[in-house]
Undergrad: 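Mind looking over this structure? Questions follow.
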Amino acid sequence: MHDYALARQYVRMTPRSRTSTRRIFLGGVLLAGATAAHSRTSFANGSGSDAKNAARRAASRGAIRPQSSYRLQPQAGAQSPGLRPSTSVTYTLEAAEGRRIALTFDDGPDPVYTPQILDVLRRYKVPATFCVLGENAVLNPGLLQAIADGGHLIANHSWSHPALPRLSTAKARKELSRTSELIEDTVGSPPMWARAPYGYWSEETLELSAGLGMSPLGWSVDTGDWRQPGVPSIVSAVVDNVRAGSIVLSHDGGADAAQTVAALHDYLPQLIDEGWTLSLPPVDGPVGAYRGDGAGSTPADADAATSGERMRPAAR
């Protein structure tokens with residue numbers, strides 16, 4: 001009825017009135033079309049209130065990260081463009097750098113012993129590499145951040161310390177990827193080095209590690225501190241065996257590490273007095289590093305390691 005009444009009113013209009021009405025109608029159509037086009041353009045360009053509101057809603061929900069995408073972005077200021085992770089285990093530092101050695105600590109972070117080790121390292125202004133277990137790091141995110149804030153390097157030591165080659169491919173990948181994700185989520189950068197539990201790698205797990213953007217890190221001097229042989233024994237294992245490029249294995253987690261801390265107090269100033277420079281593995285990967293004899297690289301080595309080392313359960 002309303003449309004019919006409007007039509008009758010239009011018929012009764014004079015020609016001039018009809019012309020004016022048509023002009024007003026066409027102008028309104030053009031204005032509505034322009035407004036709609038502007039709205040579509042604004043949304044496509046990310047401008048306008050609708051686009052902004054949509055962006056806010058998306059941000060509040062949080063971006064969905066593809067699986068293992070944490071390796072798509074290199075560590076800021078550290079990884080060289082085009083660098084490819086290695087599948088060759090690095091047991092020693094580059095010899096050309098002189099009297100350089102590296103200290104590494106496995107199985108942490110531990111709420112009792114990791115802070116003590118960090119205090120000693122801070123006192124002597126020495127960096128170290130901490131090969132962390134995901135199951136311990138998730139319980140101590142503040143310590144993980146303290147390690148990074150102290151200028152130390154964080155490496156992936158798996159989630160729960162299994163012999164990786166004895167797991168299925170899916171489980172081995174999860175042990176490494178889950179830990180890398182936790183490290184990046186906590187400190188903002190993914191690890192570039194991985195140390196296999198017991199030093200036990202296989203071709204497949206080396207490829208898995210490289211696929212996650214990490215290079216394998218071994219050691220050349222084993223302090224045997226996890227056996228708790230006594231402080232003098234640990235000190236001697238270090239000062240009597242280090243050579244240029246040595247990577248020293250100790251533990252800050254997994255069991256009572258009081259002897260490890262006491263030995264560090266003893267041998268660290270000795271090493272400095274003897275002219276050793278405490279360093280880190282290259283933060284841009286193992287380029288130029290040479291490889292030597294390491295520990296735990298065969299099933300027999302892993303059997304020997306697991307028969308003793310895992311008698312000390314990982315800290316929970």
Undergrad: Taking atom types as modelled, find out whether T169 and E204 have a side-chain donor-acceptor pair closer than 3.5 angstrom.
TA: yes

Undergrad: Does any part of the side chain of W193, heavy atoms only, come nearer than 4.5 Å to the side chain of P281, both counted from C-beta?
TA: yes

Undergrad: Side-chain heavy atoms nearer than 4.5 Å, only ILVMFWY residues, links allowed to pass through others: does that put F105 and V261 together?
TA: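 F105 and V261: one cluster.
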
Undergrad: Per the side-chain contact (heavy atoms from CB on, under 4.5 Å) rule, which among I154, V248, L153 passes with T129?
TA: L153

Undergrad: At what distance, to the nearest 0.5 angstrom, does CD1 of I117 lie from CG of D252?
TA: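 Those atoms lie 4.5 Å apart.
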
Undergrad: Can you give me the closest heavy-atom contact between G218 and Y91, atom names plus distance?
TA: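 It is CA-CD2, 3.8 Å.
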
Undergrad: Is any side-chain heavy atom of F130 closer than 4.5 Å to a side-chain heavy atom of D106?
TA: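 No, every pair of side-chain atoms sits at 4.5 Å or beyond.
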
Undergrad: Does CD in E203 sit with more than 12 non-hydrogen atoms of other residues, nucleotides or ligands closer than 6.0 Å?
TA: no

Undergrad: To the nearest 0.5 Å, tell me how far D107 CG sits from H251 NE2.
TA: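 Answer rounded to 0.5 Å: 4.5 Å.
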
Undergrad: Can a donor-acceptor pair be found, under 3.5 Å and without considering hydrogens, that links the side chain of Q259 to the backbone of G230?
TA: yes

Undergrad: Could you tell me if the side chain of M214 sits less than 4.5 Å from the side chain of S209, heavy atoms only?
TA: yes

Undergrad: Please determine which of I183, L182, L176 meets the side-chain contact (heavy atoms from CB on, under 4.5 Å) test together with T179.
TA: I183

Undergrad: Is there a side-chain contact between S215 and M192, using heavy atoms and a 4.5 Å cut-off?
TA: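 No; the side chains remain at least 4.5 Å from each other.
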
Undergrad: Are L217 and I101 linked, directly or through other ILVMFWY residues, by side chains that come within less than 4.5 angstrom of each other?
TA: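 Result: no, two separate clusters.
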
Undergrad: Do any pairs count as a side chain to side chain donor-acceptor pair (under 3.5 Å) and have a residue in residues 140-156, sequence neighbours left out, and if so which ones?
TA: Q145-D149, N156-S180

Undergrad: Say whether, by atom type as modelled, one donor and one acceptor occur between the side chain of T114 and the main chain of D110 under 3.5 angstrom.
TA: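 Flag set: sc T114 to bb D110 pair under 3.5 Å.
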
Undergrad: Once rounded to the nearest 0.5 Å, what's the spacing between atom CD1 of I247 and atom CZ of R100?
TA: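 Between atom CD1 of I247 and atom CZ of R100 there are 9.5 Å.
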
Undergrad: Show the nearest heavy-atom pair for residues A146 and L118, with the distance to one decimal.
TA: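 The pair with the smallest heavy-atom distance is CB-CD1, 4.2 Å.
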
Undergrad: With no hydrogens and no angle check, is any side-chain donor or acceptor of W159 less than 3.5 Å from a backbone partner on S177?
TA: no

Undergrad: In terms of hydrophobic clusters joined by side-chain contacts under 4.5 Å, are L271 and V120 together?
TA: yes

Undergrad: Keeping T90 on the side-chain end and T92 on the backbone end, is there a donor-acceptor pair under 3.5 Å?
TA: no

Undergrad: For T205 versus A172, what's the shortest heavy-atom pair and its separation?
TA: CG2-CB, 4.4 Å

Undergrad: Rounded to the nearest 0.5 Å, what separation is found between the CG atom of L144 and the CG atom of L139?
TA: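 The CG atom of L144 sits 11.5 Å away from the CG atom of L139.
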
Undergrad: Under 3.5 Å, is there a donor on one side chain and an acceptor on the other for S236 and S233?
TA: no

Undergrad: Would you mind telling me which of E135, K174, E175, R195 makes a side-chain contact (heavy atoms from CB on, under 4.5 Å) with S158?
TA: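 That would be E175.
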
Undergrad: Please find the pair of heavy atoms, one from P111 and one from L143, that lie closest to each other, and give the distance.
TA: CA-CD1, 3.6 Å

Undergrad: With no hydrogens and no angle check, is any side-chain donor or acceptor of D225 less than 3.5 Å from a backbone partner on S250?
TA: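 Pair absent, no side-chain N/O of D225 close to backbone of S250.
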
Undergrad: For the hydrophobic clusters of this structure (ILVMFWY residues joined by side-chain heavy atoms under 4.5 Å, transitively), does one cluster hold both V239 and L278?
TA: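 Same cluster.
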
Undergrad: What's the spacing between T277 OG1 and I272 CD1 if we round to 0.5 Å?
TA: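 Interatomic distance, T277 OG1 to I272 CD1, rounded to 0.5 Å: 9.0 Å.
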
Undergrad: Tell me, which pairs form a ring pair (Phe, Tyr, Trp, His ring centres under 6.0 Å) where one or both residues lie in residues 162-189, sequence neighbours left out?
TA: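 Every candidate ring pair (Phe, Tyr, Trp, His ring centres under 6.0 Å) pair involving residues 162-189 fails, so no pair, neighbours aside, qualifies.
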
Undergrad: Would you kindly confirm whether W219 and L121 end up in one hydrophobic cluster when ILVMFWY residues are joined by side chain heavy atoms under 4.5 Å apart?
TA: no

Undergrad: Just do the side chain to side chain contact (heavy atoms under 4.5 Å, CB included) check on Y200 and R166 with the steps written out, would you?
TA: CA-CA 10 Å; Y200 182 22; R166 294 176 179 168; 3.9 Å; yes

Undergrad: What pair of heavy atoms forms the shortest contact from S86 to P216, and how long is it?
TA: O-CD, 3.1 Å

Undergrad: Return the set of residues passing salt bridge (charged side-chain N to carboxylate O under 4.0 Å, His left out) with D119 (not counting sequence neighbours), or none when no residue passes.
TA: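 Residues passing salt bridge (charged side-chain N to carboxylate O under 4.0 Å, His left out) with D119: R122.
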
Undergrad: Taking all non-hydrogen atoms of both residues into account, name the closest pair between I234 and P229 and its distance.
TA: CG1-CG, 3.9 Å

Undergrad: Would R173 and L167 count as a side chain to side chain contact (heavy atoms under 4.5 Å, CB included) if you check the C-alpha gap in whole Å, the side-chain angles of each, and the deciding distance to 0.1 Å?
TA: CA-CA 9 Å; R173 181 185 292 111; L167 302 180; over 6 Å; no

Undergrad: Let me confirm one number: the CG-CG distance from L268 to L103, rounded to the nearest 0.5 Å.
TA: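 It is 6.5 Å, given to the nearest 0.5 Å.
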
Undergrad: I want to know whether Y198 and H161 have ring centres closer than 6.0 Å.
TA: yes

